[in-house]
Amino acid sequence: MTMTDALAADVPNHEPEALDDIEELTVAVNDATASRARSSYRHVAVKRFGRRNRNAATENDGAKNDQDDDEDDEGSDLESGPLPESSDFYAPGKAKVYVRTWGCSHNNSDSEYMAGILASHGYTIVATGDDADLWVLNGCTVKNPSEQTFVNAIRQAQDKGKKVVLAGCVTQAAPRNKMWDGLSIIGVQQIDEVVYVVEETLLGHSVRLMDPKKEPGTKVRAGGAKLALPKIRKNPLIEIIAINTGCLNQCTYCKTKHARGELASYPVAEIVARVRQVLAEGIVEIWLTSEDTGTYGRDIGTDLPTLLWAILAELPTEGSVMLRVGMTNPPYILEHLPAMAEILRDARVYAFLHVPVQAAADRVLLDMRRQYSQAEFRQVVDYLREHVPGMTIATDIICGFPTESDADFDETLDLVREYQFPVLHISQFYPRPGTPAARMPRLPTQVVKQRSRAITALFESYHPYDHLRGETMRVLVTDTASDGKHYVAHNKAYQQVLVPMRDGYLGKLLDVEIVDTAKHCLFGRPVGAPSGGPKRDESARIEEPVGDERKVTARKVNSGARLPASAASPPAAEEKKVTVVTATQRRLAQLALLVAILCFAAVWQYEASLFVQVPAYVVGLVALFFSVRTTGVPVAEFRAGLNEGGRRPRAVGKMKRS
């Protein structure tokens, strides 16, 4: 179970029958500009793309003649004529599309983007698969059960005779799986090409776009599709912003790395621009998400606190818009603890952080390649709980890792018993194909289940919210509960508070008295009138071209109109030019530094003639100069950067197997 699943257990999946409100960001259906764009598709002509997507592998279900191939290469339209009497022929922008998502908030954000882009091109996004002509299935590869439900959905769509486009981590991590032979696949970094893939699929073709994106004019891997794209949000009050993709870890049990790859961060300026954009659309809550938010910026010369201060400079000071920071692994937050504590104390930031521990025994953590010890995890939790009032720490536990002994599991029980985490995601170990842990001898199934039941019973035995009964607190109301009688709100500690469903509450700040508590939520009685609420900017929309195709228009806030920054935020520093260092450059720099050290050591340790010493000195100096020049930073910073770019940060010491 993911963090989002655990926190939103009481929140229903509210989706109208037809979703066409593209986050009040995109062109309305009756907008003249949009109508002209859609009318440019002649009802008898279907756009065929050739050179614009040369990296696409197109497989025709039927035979094509040589003339068709030539027309494809030129990117020309098919010959006009009356529409055939076939339900398999669709004019662009005239079909109904069903989008289904599994997995984390990053996956959900990708689906929201794909739905928004499709709707902006005239497609109707529907809430049920039976009403759709085509299904877009966005899968999650974290666990076997989630992948199996993804496979079952594919079969269900095929049984119903629906066209299918696959997206997400499952297909990206295993593109050669025979299960999706003949099906169209869109990669995790290619979601902005969903219109092309859908159009080709509706024509009966199989298209695969899975290559990673690069920064323009460079070989540097980009974070993914641009953030300033249209969306249909699952919750119109909450914006999910992916700040980076991929990670720096090599966890032995994780297959997500196979799909999302190495770390690639979005620039601070692009993320801040997206924040300004969504604030103008009436968003009241922003989630920052990625596979590991703590690693943000290490590939582009910045860091997470720098990004957070830049975002806070854009948020209203009265706290009507709240910011939630997503999951971070312990090694990458250790060196930022003081800065993160200061940020989490800000009234506009939820005092909440998801820090997975997975296991407590150092021996198991080493086998998992988690790059931290139990003591370092404790350091993170203890520091944040001490320096951030009401701090909520959520964590994850994997039961039954192949090398976990009974004594190792007892350490995990002791850790949970001591800290009594209010949010705990418990998972049995699942061997993911292609991962190192999948090749390890597995524990008996009964042992794994027994450990899962034991830690679940421990978690259910304590009630973390009982002490809050009778307290008065301010909450932000953002959703509707599954019982249809309450709204879902969250307090500063991101604890779920259910309040009565009354007009005027949704999207507002509300003072409540806690009258009752449960295991996963609080119940609040309003003690005053609501305040705040969505603030929309009705500024004009502008057109932005994307490649050779029209992109939906989007509202943008005047960049000169800035909201006042919080008094707690530091003065904005002048933006510095950042030198982007690729992984290859970093490795070359490490090798050059090693050569320099060996040359200097050889001269110092061994007596030799000047004919040997001088060349050694010269080679050493050249290698040292190259290593520093490659990264563009001083030697002291470069030495620290070697740790950051390698397997573990400076603050994490080596851990020996016991």
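The figures here come from the full heavy-atom set of this structure, side chains too, leaving out hydrogens, waters and symmetry mates. Everything quoted here is computed from the prediction, not taken from an experiment.
- Annotation: the span from T295 atom OG1 to L248 atom CG amounts to 5.0 Å, rounded to 0.5 Å.
- Note that the CD1 atom of I191 and the OH atom of Y113 stand 7.0 Å from one another [nearest 0.5 Å].
- T478 OG1 to Q496 CD: the interatomic distance, rounded to the nearest 0.5 Å, is 8.5 Å.
- Between D192 and M114, every side-chain heavy-atom pair lies at or beyond the 4.5 Å cut-off.
- Between the side chain of E285 and the main chain of I238, no donor-acceptor pair closer than 3.5 Å is present.
- For the atom pair CD1 of I185 and CH2 of W180, the computed distance is 7.5 Å after rounding to the nearest 0.5 Å.
- The side-chain hydrogen bond (donor to acceptor under 3.5 Å, both in side chains) with H354 is formed by just one residue from the set D396, N329, T392; it is D396.
- Ring orientation note: the planes of F352 and Y494 are tilted relative to one another, at an angle of 30° to 60°.
- Remark: side-chain polar atoms of T289 are not paired, donor with acceptor, to backbone N or O of S105 under 3.5 angstrom.
- Applying the salt bridge (Lys or Arg N to Asp or Glu O under 4.0 Å) criterion to K519, with sequence neighbours excluded, gives no partner residue.
- Judged as a salt bridge (Lys or Arg N to Asp or Glu O under 4.0 Å), and not counting sequence neighbours, the contacts of D130 are K160.
- Relative ring orientation between F459 and Y462 is described as perpendicular, the plane-to-plane angle rising above 60° on a 0-90° scale split at 30° and 60°.
- Counted by atom type alone, N138 and S111 present one or more donor-acceptor pairs between their side chains at under 3.5 Å.
- Annotation: side chain of Y98 is not in contact with side chain of I125 (no heavy-atom distance under 4.5 Å).
- Between the side chains of D299 and S265, a donor-acceptor pair is found at a separation under 3.5 Å.
- Exactly one residue among V275, I286, I241 makes a side-chain contact (heavy atoms from CB on, under 4.5 Å) with L323. That residue is I286.
- Put simply, the side chain of T201 gets close to the backbone of V197: a donor and an acceptor are under 3.5 Å apart.
- In summary, the side chains of Q148 and N152 do present a donor paired with an acceptor at a separation below 3.5 Å, with no hydrogens or angles considered.
- For the residue pair T128 and D131, a side-chain donor N or O sits within less than 3.5 Å of a side-chain acceptor on the partner.
- Between L506 atom CG and T480 atom OG1 the span is 5.5 Å, to the nearest 0.5 Å.
- Side chain to side chain, N107 and T101 fail the donor-acceptor criterion of an N or O pair below 3.5 Å.
- Using a 4.5 Å heavy-atom threshold, the side chains of I243 and T293 count as touching.
- A donor-acceptor pair shorter than 3.5 Å cannot be found between the side chains of S184 and K163.
- In K96, the NZ atom is not crowded: 12 or fewer heavy atoms of neighbouring residues, nucleotides or ligands sit closer than 6.0 Å.
- Here R233 pairs with E281 in a salt bridge; the nearest charged N to carboxylate O distance falls below 4.0 Å.
- Remark: T412 OG1 to Q358 CD distance equals 10.0 Å, nearest 0.5 Å.
- Salt-bridge check for R260 with D110: passed, with a basic side-chain N closer than 4.0 Å to an acidic carboxylate O.
- In this structure, R432 contributes its side chain and C254 its backbone to no donor-acceptor pair below 3.5 Å.
- Counting only heavy atoms from C-beta outward, the side chains of Y332 and D292 approach each other to under 4.5 Å.
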Kindly indicate, with the supporting measurements, whether the criterion side-chain contact (heavy atoms from CB on, under 4.5 Å) is fulfilled by H121 and V198. CA-CA 11 Å; H121 283 74; V198 165; over 6 Å; no
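- Residues L237 and I283 are not in side-chain contact: their nearest non-hydrogen atoms beyond the backbone lie 4.5 Å or more apart.
- Summarising the local packing, CD of Q158 is surrounded by more than 12 heavy atoms from other residues, nucleotides or ligands at distances under 6.0 Å.
- Distance alone, capped at 3.5 Å, is enough to place a donor-acceptor pair between the Y372 side chain and the V357 backbone.
- Evaluation of the salt bridge (Lys or Arg N to Asp or Glu O under 4.0 Å) rule for R451 yields E404, D406 as partners, not counting sequence neighbours.
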